[in-house]
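Okay, so here's the structure we're looking at.
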Amino acid sequence: MRVSEEPEKPSIAVLPFANMSPDPEQEYFCEGMAEEIINALSKIQGLRVAARMSAFQFKGRLQDARQVGNALNVKMLLEGGVRTAGNRLRVTAQLINVEDGCHLWSERYDRQLEDVFAIQDEIASNIVGALRLKLGQQELPRVKRATDNLEAYHLYLKRRHFWHHRQPVMQRRALQAYQQAKEEDPSYALAHAGIAWIQIIMAIYGLLPPDRARTAAKSAAERAVSLDEGCADVLIGAWGVGLFFDRDWDAERVLQRAIELEPNHVEARCFHSLHLWFMGRHEEALNEVRRAQDSDPLSTYANTLAGWALLASGHNEEAVLELQKALDIDPDYVLALTLLAGAHARNSQYEQAISVLERVISMTGRSPFYVGWLGWAYGRAGRTDQARAALSELRQRSEREYVSPLYISWVLSELKEEGDALEWLEKALEARDPYLFFWRTPVFDSLRSEPRFDDLLRRFNLTR
């Protein structure tokens with residue numbers, strides 16, 4: 001007797017909606033439209049929804065529905081377009097069967113701009129209606145309205161658009177958009193959580209002094225939690241403040257709660273992996289980032305973080321493969337490029353490392369963080385004059401803007417001025433620089449061999 005196979009779950013990918021407006025600034029709104037529908041559909045039992053990052057890799061590409069469906073391992077695609085004109089909004093949407101390219105349904109919505117939430121609800125409900133026989137009787141999905149203020153919502157979507165570029169200038173624009181969203185709607189929890197998270201990121205990458213970032217981030221995270229403690233993105237901000245600024249290892253419980261609320265939240269899984277790494281629970285950490293990759297195989301961040309985990313544990317060649325996955329998706333992904341340069345340097349491929357970092361420098365407007373990385377690579381390659389030039393630049397810039405002592409320490413360590421390097425490392429410790437959590441990154445290689453380094457780790461509440 002043949003045992004009947006369990007029927008395959010219906011599966012769908014929501015592609016970014018095309019911007020049909022002449023204003024390219026509307027891209028953020030089109031991405032937001034798709035993202036809100038993804039979030040609503042993800043709550044439907046029995047329906048597998050492709051993760052945002054994977055689906056968004058096909059933005060602007062003219063490809064056959066079957067090719068896209070096979071790449072994302074889904075049976076259906078939702079695609080559409082958005083046009084805005086003044087206060088008018090036109091949205092078109094089509095649900096496509098991947099196997100034959102036929103439309104299961106299509107619809108056009110001509111509404112006022114303030115009706116955007118209702119349109120998102122209707123699209124999600126129409127998808128469930130088209131799958132009613134496969135999904136059974138379920139409550140129709142609703143887009144979670146974190147704010148009723150349309151301007152605040154638009155500003156939040158702009159932030160999401162800026163954030164995914166991962167460039168210093170975009171981080172500053174994201175922070176500004178979050179702050180404006182908060183002013184439009186002071187009860188908008190996601191705006192407060194966004195302010196907290198961007199402050200954390202800017203402190204990690206030296207765009208803000210840690211003490212200044214901590215004060216603003218802590219206040220914003222506490223306000224966000226008071227407004228909506230049942231939102232994963234809100235909890236992620238609270239975790240970041242607890243770990244990176246308060247060095248509280250119990251903050252892991254906040255991330256675990258976020259994952260309970262949204263098991264497929266890729267960034268929550270990635271951040272949990274980081275937390276486990278920092279605690280020395282390496283096997284668990286790698287398993288967690290693998291879960292994130294399984295959930296969203298085309299996530300640049302998940303693939304990059306897998307590369308970092310392998311690099312941190314000394315598996316350089318495997319790390320390069322994971323980082324290359326991220327760069328195959330986005331060749332300009334700065335985080336993956338920087339870590340790839342670190343892997344090249346560890347493999348004594350100094351010219352490749354320098355070439356990558358010189359490209360990163362041009363992409364990031366000579367942000368001090370990346371000048372520190374490049375100066376470190378010059379020193380490691382024996383290009384002493386260029387390393388000293390980078391060191392001089394960092395010192396001069398520190399007189400007029402914030403430059404983390406870490407970056408000076410990295411360059412000094414490769415110039416074999418270990419005593420001075422450790423003094424600058426002490427200054428970073430006193431400033432509570434959150435990048436010290438990443439002490440397994442290649443820029444710390446020469447410092448880690450110093451006897452005083454273990455004492456510094458202990459004082460920062462870190463252990464080998």
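Worth knowing before you read on, the calculation uses all heavy atoms, side chains too, and leaves out hydrogens, waters and symmetry mates.
Here the side chain of Arg440 pairs no donor or acceptor atom with the backbone of Trp277 at under 3.5 angstrom. His265 contributes no side-chain N or O that, together with a main-chain N or O of Glu260, makes up a donor-acceptor pair within less than 3.5 Å. Of the possible polar contacts, none joining the Ser219 side chain to the Ala216 backbone as a donor-acceptor pair under 3.5 Å is found. Of the possible polar contacts, none joining the Thr300 side chain to the Ala326 backbone as a donor-acceptor pair under 3.5 Å is found. Of the possible polar contacts, one joining the Asn303 side chain to the Pro297 backbone as a donor-acceptor pair under 3.5 Å is found. Under a 3.5 Å cut-off, the side chain of Ser273 and the backbone N or O of Glu288 do not form any donor-acceptor pair. Between the side chain of Arg269 and the backbone N or O of Val289, no donor-acceptor pair lies under 3.5 Å. No side-chain donor-acceptor contact under 3.5 Å links Ser125 to the backbone of Glu122. A side-chain donor-acceptor contact under 3.5 Å links Arg432 to the backbone of Phe245. Checking side-chain atoms of Thr338 against main-chain N and O of Val334 turns up a donor-acceptor pair under 3.5 Å.
Heavy atoms of other residues, nucleotides or ligands lying less than 6.0 angstrom from CE of Met363 number more than 12. Residue Glu283 places its CD atom among 12 or fewer non-hydrogen atoms of other residues, nucleotides or ligands, all under 6.0 Å distant. By the 6.0 Å contact criterion, CZ on Arg253 is open, its count of non-hydrogen atoms from other residues, nucleotides or ligands being 12 or less.
Taking the six-membered ring for Trp and the full ring otherwise, Phe278 and Trp439 have centroids separated by 6.0 Å or more. Residues Tyr370 and Trp373 place their aromatic rings such that the two centres sit no closer than 6.0 Å. Ring to ring, Phe438 and Trp308 are close: their centroids are under 6.0 angstrom apart.
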Assess whether side chain to side chain contact (heavy atoms under 4.5 Å, CB included) is satisfied between Tyr109 and Ile123, documenting all intermediate values.
-> CA-CA 10 Å; Tyr109 306 84; Ile123 293 173; 3.6 Å; yes

Step-by-step side chain to side chain contact (heavy atoms under 4.5 Å, CB included) determination, His272 to Gln256 = CA-CA 8 Å; His272 190 215; Gln256 289 169 331; 4.2 Å; yes

With side-chain hydrogen bond (donor to acceptor under 3.5 Å, both in side chains) as the test, would you mind laying out the steps for Glu35 and Asn39 before giving the verdict?
-> CA-CA 6 Å; Glu35 187 165 0; Asn39 292 339; 4.9 Å; no

Verdict with supporting geometry, Phe460 and Phe437, ring pair (Phe, Tyr, Trp, His ring centres under 6.0 Å) | CA-CA 9 Å; Phe460 201 73; Phe437 277 94; 5.4 Å; yes

Give the intermediate values and the outcome of side chain to side chain contact (heavy atoms under 4.5 Å, CB included) for residues Thr441 and Leu311.
-> CA-CA 7 Å; Thr441 305; Leu311 190 62; 5.6 Å; no

In sequence, state the C-alpha distance, the side-chain angles, and the governing distance for Asn264 and Asp296, and then conclude on side chain to side chain contact (heavy atoms under 4.5 Å, CB included).
-> CA-CA 9 Å; Asn264 293 322; Asp296 193 354; over 6 Å; no

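Shown here for Met202 and Leu175, the closest heavy-atom pair between the two residues is SD-CD2, 3.8 Å. The two residues Leu327 and Tyr333 have their closest heavy-atom pair at CD2-O, 3.9 Å. In plain terms, the two heavy atoms of Asp185 and Ala152 that are nearest each other are CB-CB, 3.9 Å. Closest approach of Ser313 to His315, counting heavy atoms only: OG-CD2, 3.0 Å. The shortest heavy-atom contact between Ser54 and Ser299 is OG-N, 4.4 Å. Considering all non-hydrogen atoms of both residues, Ala189 and Leu227 come closest at CB-CB, 3.7 Å.
For the atom pair Asn97 CG and Arg66 CZ, the distance stands at 9.5 Å (nearest 0.5 Å). For the atom pair SG (Cys270) and CG (Leu305), the distance works out to 5.0 Å, reported to the nearest 0.5 Å. How far CG of Leu276 is from CG of Leu255: 9.0 Å, rounded to the nearest 0.5 Å. The structure places CD of Gln199 at 10.5 Å from CG of Leu207, a figure rounded to the nearest 0.5 Å. To the nearest 0.5 Å, the span separating CE on Met76 from CD on Gln94 amounts to 15.0 Å. Note that the CD atom of Gln352 and the CG atom of Leu340 stand 9.5 Å from one another [nearest 0.5 Å].
Looking only at side-chain heavy atoms (C-beta outward), Lys218 and Asp246 come within less than 4.5 Å of each other. At least one side-chain heavy atom of Glu401 sits under 4.5 Å from a side-chain heavy atom of Val403. Between Val74 and Ile12, every side-chain heavy-atom pair lies at or beyond the 4.5 Å cut-off. Between Tyr435 and Phe244 there is no side-chain heavy-atom pair separated by less than 4.5 Å. Counting heavy atoms from C-beta on, the side chains of Phe369 and Ile204 never come closer than 4.5 Å. Taking 4.5 Å as the limit, every side-chain heavy atom of Val98 sits out of range of all side-chain heavy atoms of Val68. Looking at heavy atoms from C-beta onward, Phe29 lies in side-chain contact with Leu113 at the 4.5 angstrom threshold. Between Ile38 and Phe56, the closest side-chain pair of non-hydrogen atoms falls below 4.5 Å.
Among Leu310, Leu323, Val356, the one residue that satisfies the side-chain contact (heavy atoms from CB on, under 4.5 Å) test with Leu339 is Leu323.
With respect to the salt-bridge test (charged N to carboxylate O, under 4.0 angstrom), the residues Lys427 and Glu430 do not qualify. A salt bridge links Glu322 to Arg290: one of the charged nitrogens lies within less than 4.0 Å of a carboxylate oxygen. In summary, Arg257 and Glu229 do not engage in a salt bridge, as defined by a charged side-chain N under 4.0 Å from a carboxylate O. Using a cut-off of 4.0 Å between Lys/Arg side-chain N and Asp/Glu carboxylate O, Arg459 and Glu426 are scored as salt-bridged. Under 4.0 Å is where a charged nitrogen must lie from a carboxylate oxygen, and between Asp455 and Arg458 at least one such pair does.
Between the side chains of Asn347 and Glu317, at least one donor N or O lies within less than 3.5 Å of an accepting N or O.
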